[in-house]
Amino acid sequence: MDDHVTDHFIEHRADHFIELDRVEKVFDVRKKTGFMKRERREVRAVDSISFTVARGEMVGYIGPNGAGKSTTIKMLTGILTPSGGRLRVAGIDPSRERTRLAHRIGVVFGQRTTLWWDLPLIDSYRLMHRMYRIPDARYRENLDRCVELLELGDLLDVPVRQLSLGQRMRGDIAAALLHDPEVLYLDEPTIGLDVISKAKVRGFLRELNAERGTTVLLTTHDLQDIEQLCSRVMVIDHGRLMYDGPLTGLHEVGESERTLVVDLERELPPIEMPPARVVRVEGPRQWLAFPAAESAAALVARVAAEYPLVDLSVREPDIEAVIARMYAGEASDAAGQAVP
Amino acid sequence: MEGLRAYRLIGAMWIRSTMAYRASFAMTTFANFAVTALDFVAILLMFSRIDALGGWPLPEVAFLYGLSSVAFGLADLAIGSMERLGQRVRDGTLDTLLVRPAPVLAQVAADRFALRRLGRITQGSLVLGYALAAVDIHWTPLRLLLMPVAVVSGAAIFCAVFVAGAAFQFVAQDASEVQNAFTYGGATLLQYPPTVFGRELVRGVTFLLPLAFVTWIPAAYVLGRPIPLGLPDWVAFAPPLVAGVCCALAGLAWRTGLRSYRSTGS
C-alpha cells in the first residue's frame, strides 16, 4: 500500500471490506460517422458511485443492460482502472495491485467460463492449485467441500465441453473458490440455468456465506436470486446508484403498491377507501391497490368496519415491476430519496 | 520468475488439451511441416532455372532460408498465439486472464501454445543442415560462435515483433493481418538474399525494423560476404544488442497497450 496514512479512507475498518468513494469511469467512445470521420463522445459508465460493503455481506447489484454493473465489477477486480474517485478492496487498490488482489478475490463470469474446454474438470482445478500456490492440504479440503456441496463428484473426470450449462456453472464457481477468496464476485451466476441448477447454485452460495463468511457481490437479472440470497440490494442505472438498502425498501422508493384482495358477502359497488383504489371487481371479490408503505392492518380495519367482509389476503408487489417503474420513472427524484 | 512459471503452467495445459485429439495433433504437425517444406520447394524450382539469386548460389540461399525459418519458428512456437489477442479483446475473455495472479503477458504468450509449430523448426533445421554441409565455410571460432547467437537473437527479435503487434491490437483489434505482414512477411523476406531487394527496403529492414540482424547480417559474416549497406564487420555481432533493444521497446509497447485497455475496456 502506497497511500498516505492521513487519508481517512484507508483506515482499516473491518466492517468496510469494499469501499467506493465517488468512483467514476468515463469512456471515450468513438463512433464512425463516415469514411475516416469519427465522432468522439464521452460516456459516463459509472458516475460518482459511493458505497461500502462489510465483510460477510451478501449484496445484489442490479440494473438494466449497460447500466454500469459490469464496469463496476471490472473496477473492483482490478481489470479496469477508475477514471476518478477512490476504491479499495480489503485495503488494496485493485487497479494498482491487481495480482496481489487476485489471491484474495474470486470471480465468476456467468457467460465466460474459465475452465479448460477439452480437459477433464479436475485439470482446471489442478491448474488453480498451482497458479494460486494453494497449500496442498487446503486445496484438498476446499476441493472436497466444493465437490460435495456442488455435487461435482461424477463430473471431475469429464471434459468440460461435455458438461451442461448448469454443471459448468457449478464447476466455475468451485474453480473460483479453491484459493479461499474473501470476496466472491458473480456476474450473472444463474443466467440460462434450469430451475434445479439455479436452486443448487443459490443453496451453495447461501451456505458459503453463512459458513465461511465469504462476502458475496452478485449481478443478476433474476430477482429471485436477490430475493433468496441478498439482504441488501443496490440498483444502478445510467451509471448512478439509484437505491441501496434492503429489498423491502425498494418498494417504497419504486412507489410500488400492494394489493388487498377482499371477498365480500355479496356483490357490491367498488369500495371507496382512499388512498386505496379498486383495480378489479369479480363478483363479490374486489382487488384494492394501496401504497406499499401504508399499513395493511389499518386499511383492513377500515374496510371491515364498513363492508361485510368474508375473507381477505394481501399480495406483495412484484419486484420486477417495481424496478421497471423505477427505471422508467423520475430517475433523479428516486435517486434523491434512495441514496442519502 | 512468476511470469515464466505461469507460462509453463498454461503451456502445459495447452499441450494436454492438444493431446486430447492425438490424431488431429499428428496431422496438423505434419501439415505444418509439409507446408513449410513446399515453401522451400519453390526456391528449389527457381534454382532449376538459374544458378544464383542476386549473386547467391542455392546452398547460401538455403543458409538464409534455414536461419530465418529456425529463428522465426522458435519465436512462433514460444509466443506465436499472441497474434490472436485481438480476438480475446473483442470477445471479452481477456478479462478472465486479468483476474489471475500472474502477469498478463505471460498468460497471453502461453495462450494456445501449440507443439505442432515444431514442424517449421524441424524443416528449417533440415534446410540449415543441408546448407552447412553444402557451403564451404571457412570456420573460425567467431563464426562458429555467431551461429547460435544469431539463432537466439533472431528468435528474440521476432518475439519482440509479436509482442509489439499484440500490443497494437489493444488499440486496433482487427490488426492481426497487419502483424502477419511483419512476422510471416518478414520471415519470408529474410529467406532471400538482400541483393535482390532495393536499397531503400534493405535500409528499412536494417534501421527501422531491424530484421536484417536475424539473417542477412550474421549470414553475410559467416559466409564471408560483404555486410549489406557496406556496414563494418563488427555489426555482425550486434544481434544480441539489437534484440535486447527490440524486446525492451516491445515491453514498453505492451505496457502502454495494456494500460490503454484497462482504462478504456475495449
Side-chain angles (χ1 to χ4, degrees), chain A residues 25-30 43 45-46 70-71 73-83 94-109 111-120 123-124 126-134 159-162 172 175-176 179 181 185 187, chain B residues 1-25 28 87-108 110-114 170-174 255-266:
Chain A
K25 184 70 209 176
V26 183
F27 293 124
D28 229 8
V29 178
R30 259 165 252 180
V43 174
V46 169
S70 295
T71 305
I73 299 277
K74 283 181 187 175
M75 288 192 286
L76 285 169
T77 49
I79 295 170
L80 288 180
T81 317
S83 330
S95 69
R96 282 206 189 165
E97 296 189 83
R98 185 184 66 73
T99 47
R100 192 158 86 91
L101 182 73
H103 283 284
R104 304 182 62 173
I105 64 171
V107 188
V108 177
F109 296 104
Q111 283 148 311
R112 279 167 256 150
T113 184
T114 57
L115 304 172
W116 288 74
W117 201 245
D118 288 323
L119 296 178
D123 286 22
S124 295
R126 289 195 182 119
L127 178 67
M128 294 294 115
H129 179 191
R130 303 190 62 187
M131 189 180 266
Y132 284 84
R133 297 177 192 271
I134 308 166
V160 172
R161 63 168 188 277
Q162 292 173 14
D172 258 310
H179 61 287
Y185 301 101
D187 195 6
Chain B
M1 211 181 81
E2 198 60 25
L4 277 178
R5 186 171 175 274
Y7 179 87
R8 225 180 49 235
L9 288 174
I10 296 170
M13 290 293 276
W14 280 111
I15 292 175
R16 292 172 58 99
S17 286
T18 330
M19 290 309 162
Y21 305 95
R22 273 165 213 277
S24 161
F25 170 72
T28 51
Q87 198 186 327
R88 272 195 173 273
V89 171
R90 271 199 308 271
D91 65 21
T93 51
L94 185 69
D95 292 345
T96 61
L97 306 184
L98 273 154
V99 300
R100 298 264 180 255
V104 182
L105 178 58
Q107 295 186 67
V108 173
D111 199 19
R112 302 197 164 270
F113 181 82
F170 279 120
V171 189
Q173 282 108 55
D174 39 11
R255 288 182 69 139
T256 311
L258 186 60
R259 186 173 304 147
S260 128
Y261 174 80
R262 293 177 67 196
S263 62
T264 61
S266 60

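In what follows, chains carry the letters A, B, and so on, assigned in the order in which the sequence lines appear, proteins first and then strands, with residues in each chain numbered from 1. The shown structure was predicted, so the numbers you read here are calculated from the model rather than taken from an experiment.
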Trainee: Could you tell me whether the side chain of A:Trp116 reaches within less than 4.5 Å of the side chain of A:Val160, counting heavy atoms only?
Mentor: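 SC-SC contact between A:Val160 and A:Trp116 ruled out.
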Trainee: For B:Leu97 and B:Val108, what are the C-alpha separation, side-chain angles and deciding distance, and is it a side-chain contact (heavy atoms from CB on, under 4.5 Å)?
Mentor: CA-CA 8 Å; B:Leu97 306 184; B:Val108 173; 3.9 Å; yes
Trainee: Measure A:Thr71 against the heavy atoms of chain B and call it side chain, backbone, both or neither at under 4.5 Å.
Mentor: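 Contact with chain B: none, neither part.
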Trainee: Any idea which heavy atoms bring B:Glu2 and A:Arg133 closest together, and the distance?
Mentor: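 Looking at all heavy atoms of both residues, the closest pair is OE1-NH2, 2.9 Å.
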Trainee: Please state whether the side chain, the backbone, both or neither of A:Pro159 comes within less than 4.5 Å of a heavy atom of chain B.
Mentor: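 It is neither, since no heavy atom gets under 4.5 Å.
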Trainee: Which bit of B:Leu94 comes within less than 4.5 Å of chain A, counting heavy atoms only: side chain, backbone, both or neither?
Mentor: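 For B:Leu94, neither part sits under 4.5 Å from chain A.
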Trainee: Among A:Ser95, A:Ser124, A:Ala45, which has the most heavy-atom pairs under 4.5 Å with chain B?
Mentor: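 It is A:Ser95.
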Trainee: Looking at A:Trp117, A:Tyr185, A:Tyr132, which one has more heavy-atom pairs under 4.5 Å with chain B than the rest?
Mentor: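 Heavy-atom pairs under 4.5 Å are most numerous for A:Tyr132.
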Trainee: Please lay out, stage by stage, how B:Phe25 and B:Ile15 fare under the test side-chain contact (heavy atoms from CB on, under 4.5 Å).
Mentor: CA-CA 10 Å; B:Phe25 170 72; B:Ile15 292 175; over 6 Å; no
Trainee: Chain B heavy atoms under 4.5 Å from A:Arg161: which part of the residue, side chain, backbone, both or neither?
Mentor: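 The answer is the side chain of A:Arg161.
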Trainee: Looking only at heavy atoms and a cut-off of under 4.5 Å, which of A:His179, A:Arg130, A:His103 has the most pairs with chain B?
Mentor: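 Result: the option with the highest number of such pairs is A:Arg130.
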Trainee: Any idea which of A:Ile79, A:Thr99, A:Asp123, A:Ile105 has the most non-hydrogen atom pairs under 4.5 angstrom with chain B?
Mentor: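 Result: the option with the highest number of such pairs is A:Ile79.
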Trainee: What part of A:Met128 is in contact with chain B, defined as an atom under 4.5 angstrom from a non-hydrogen atom: side chain, backbone, both or neither?
Mentor: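 Contact with chain B: side chain only.
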Trainee: What part of B:Arg259 lies closer than 4.5 angstrom to a heavy atom of chain A: side chain, backbone, both or neither?
Mentor: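 The answer is neither part of B:Arg259.
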